[in-house]
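Below is one structure, written out as structure tokens; comments come after it.
In what follows, chains carry the letters A, B, and so on, assigned in the order in which the sequence lines appear, proteins first and then strands, with residues in each chain numbered from 1. Predicted model only: the values in this text are computed from it and were never measured. Side chains included, hydrogens not; waters and symmetry mates left out as well; all remaining heavy atoms used.
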There are 2 protein chains.
Amino acid sequence: MTCETPATGGSARDRFERMHDEIRTRICLLDYAPGTRLSEEALAAELGTSRTPLRRVLARLESEGLLQSVHGVGTFVTDVDLRELVQTFRVRLELAELIGRLDPVAPSAALLAEFRVLQARSKTLRDDPDPRRFAQINMDFFIALMRLTANQPLREMSERLYFRTTRIWLKSIFASLIDLKDEVEVFDREIDDILRAVELGDLQAAALIRRAHISMSFERMRKAAAGVTGAAVTP
Amino acid sequence: MTCETPATGGSARDRFERMHDEIRTRICLLDYAPGTRLSEEALAAELGTSRTPLRRVLARLESEGLLQSVHGVGTFVTDVDLRELVQTFRVRLELAELIGRLDPVAPSAALLAEFRVLQARSKTLRDDPDPRRFAQINMDFFIALMRLTANQPLREMSERLYFRTTRIWLKSIFASLIDLKDEVEVFDREIDDILRAVELGDLQAAALIRRAHISMSFERMRKAAAGVTGAAVTP
DNA sequence: TGATGATTCGTTGTGCACAACTTGTCGGGG
DNA sequence: CCCCGACAAGTTGTGCACAACGAATCATCA
């Protein structure tokens with residue numbers, strides 16, 4: 001089933017990173033929904049390794065707030081409560097703006113090409129909306145945006161917060177709290193607008209547009225969730 | 001020799017945190033200077049545990065940028081090059097200001113008392129300047145400041161960046177690049193000023209003062225280092 | 001004498017067996 | 001019928017032995 005040479009090859013560090021990214025993607029794409037219990041033994045077997053190196057990966061994901069291990073019980077995918085979500089988004093907004101102000105770098109031709117590919121992928125998404133593909137493209141777009149700053153610590157912090165909260169947004173889509181087609185439409189415009197600013201070399205403008213979209217995205221999510229929890233309280 | 005019950009007691013998580021904080025403190029106080037090799041076996045023995053749980057701690061410290069493990073060679077305390085230092089301080093400045101703007105909380109009586117104790121400790125430092133004690137008080141003051149915001153992610157990011165760079169500042173003091181007595185004097189004034197703002201309930205002002213001091217502290221350090229590297233280039 | 005290759009040593013990474021711990025179940029007693 | 005305690009199953013945490021790897025050393029040869 002899995003195709004991307006999950007097990008052998010490369011140094012120990014490479015194997016660690018591969019496993020880490022793989023599991024993180026599964027969590028962020030809701031293949032492992034919040035509350036899911038992960039079997040160390042089964043996962044280790046699937047990834048073609050033993051518990052020891054896998055536990056290293058799980059510990060890292062726990063420090064990133066995506067997992068939580070409890071002795072004698074299991075390791076579970078975390079959920080994000082509203083309070084934490086609000087706090088995280090507040091910081092994400094500020095960091096998004098900093099991307100344009102702190103150590104911005106003119107994008108290489110390769111990066112520009114990548115942006116255009118993402119733009120094209122976004123267009124195909126409009127014809128055939130799919131939550132999972134949407135989330136994947138969204139993630140790739142985020143990673144591309146990070147390459148607009150040379151400030152490594154800023155990148156790190158931004159990524160940390162992004163990966164911690166993005167699955168909640170995806171969850172809202174799966175739960176039909178927010179409309180998939182609308183979000184796809186908005187996202188497509190976001191790429192267009194940001195790409196225009198990037199091509200102009202105005203990274204600060206690009207960052208401001210990004211900040212605005214994160215803010216609005218969160219606001220839509222918050223309003224939808226408030227409508228639900230306000231109407232139906234524990235069925 | 002070690003007195004603070006390093007080994008047994010509490011849950012696995014508690015033991016992890018104790019070991020983590022202990023080693024982190026040693027690194028930040030330059031008990032383990034950059035470049036030092038840490039022996040897993042010796043450290044495990046000293047902390048009264050085995051390599052397995054210790055390696056968990058070391059992996060965490062590596063993800064925090066304080067250590068680096070190389071297969072077949074050893075685990076070493078990292079150094080911070082100028083580029084990384086500059087980038088980190090740029091972000092630290094912004095985060096310091098955010099402490100006063102994002103989810104500020106009125107300090108409890110206990111926290112205020114703690115600030116006053118720190119103020120007193122700072123005064124004693126003026127009479128008997130000692131780099132290590134200075135660094136310790138500075139660290140405690142930083143941790144107290146973090147408690148002025150309820151925004152957990154913001155705290156986390158700020159701490160991460162603080163612990164990654166503070167030892168470079170201490171290194172400059174030990175190397176007499178910057179004058180200990182001057183720094184103590186400046187720090188004492190910083191506490192006074194910030195405490196005044198905090199007692200007034202103006203956390204935003206406190207954060208701005210803090211930001212200014214971080215900025216100036218870095219500037220003094222940068223200038224001193226530039227003077228040295230400009231004069232004596234690799235003997 | 002200098003260079004080169006095998007070797008030895010010490011270190012980190014991995015796999016496995018067992019200990020520590022929690023949860024759910026089953027039996028007995030009030 | 002309910003409650004409580006012991007037990008069993010399953011999970012994460014720990015310790016240990018060995019494999020994988022890198023660097024320094026020493027012997028050998030040109």
Thr75(A) side chain near Glu62(A) side chain, heavy-atom distance below 4.5 Å: no

Distance in angstrom units between Arg56(B) CZ and dT14(D) C1', rounded: 11 Å

Atom pair distance, as rounded to whole Å: CZ in Arg13(B) and C1' in dT12(D): 11 Å

Distance test, side-chain N/O of Arg37(B) to OP1/OP2 of dT11(C), below 4.0 Å: yes

Whole-Å gap separating P (dG13(C)) and CZ (Phe16(A)): 11 Å

Side chain Arg51(A) and base dG13(D) donor-acceptor under 3.5 Å: yes

Val73(A), nearest nucleotide to its side chain (from dA23(D), dT23(C), dG13(C)): dT23(C)

Sugar-phosphate only, base, or nothing, as touched by Thr75(A) at under 4.0 Å among non-hydrogen atoms: sugar-phosphate

Side-chain touch Arg160(A)/Pro153(B), heavy atoms, less than 4.5 angstrom: no

d(CZ, Arg15(A); C1', dC21(D)) in whole Å: 11 Å

Between P of dG10(D) and CG of Leu38(A), the distance in whole Å: 19 Å

Presence of Thr52(A) side-chain N/O under 4.0 Å of dT14(C) phosphate oxygens OP1/OP2: no

Value in whole Å for how far the P atom of dG13(C) lies from CD of Glu41(B): 14 Å

Min side-chain heavy-atom separation Phe134(A)-Glu183(A) under 4.5 Å: yes

Interatomic distance where CG belongs to Asp14(A) and C1' belongs to dC21(D) [whole Å]: 15 Å

Nearest-angstrom distance from the residue atom CD of Glu40(A) to C1' of dG15(C): 14 Å

side-chain N/O Thr49(B) vs dG15(D) OP1/OP2, d < 4.0 Å: yes

Ring-face cation of Arg13(B) near Phe16(B) (centre distance under 6.0 Å, axis angle within 45°): no

5′-ward residue of the pair Pro53(A)/Gly72(B) relative to DNA chain C: Gly72(B)

Glu64(A)/His20(A) under side chain to side chain contact (heavy atoms under 4.5 Å, CB included): CA gap, chis, key distance, verdict: CA-CA 11 Å; Glu64(A) 292 169 352; His20(A) 173 268; 3.0 Å; yes

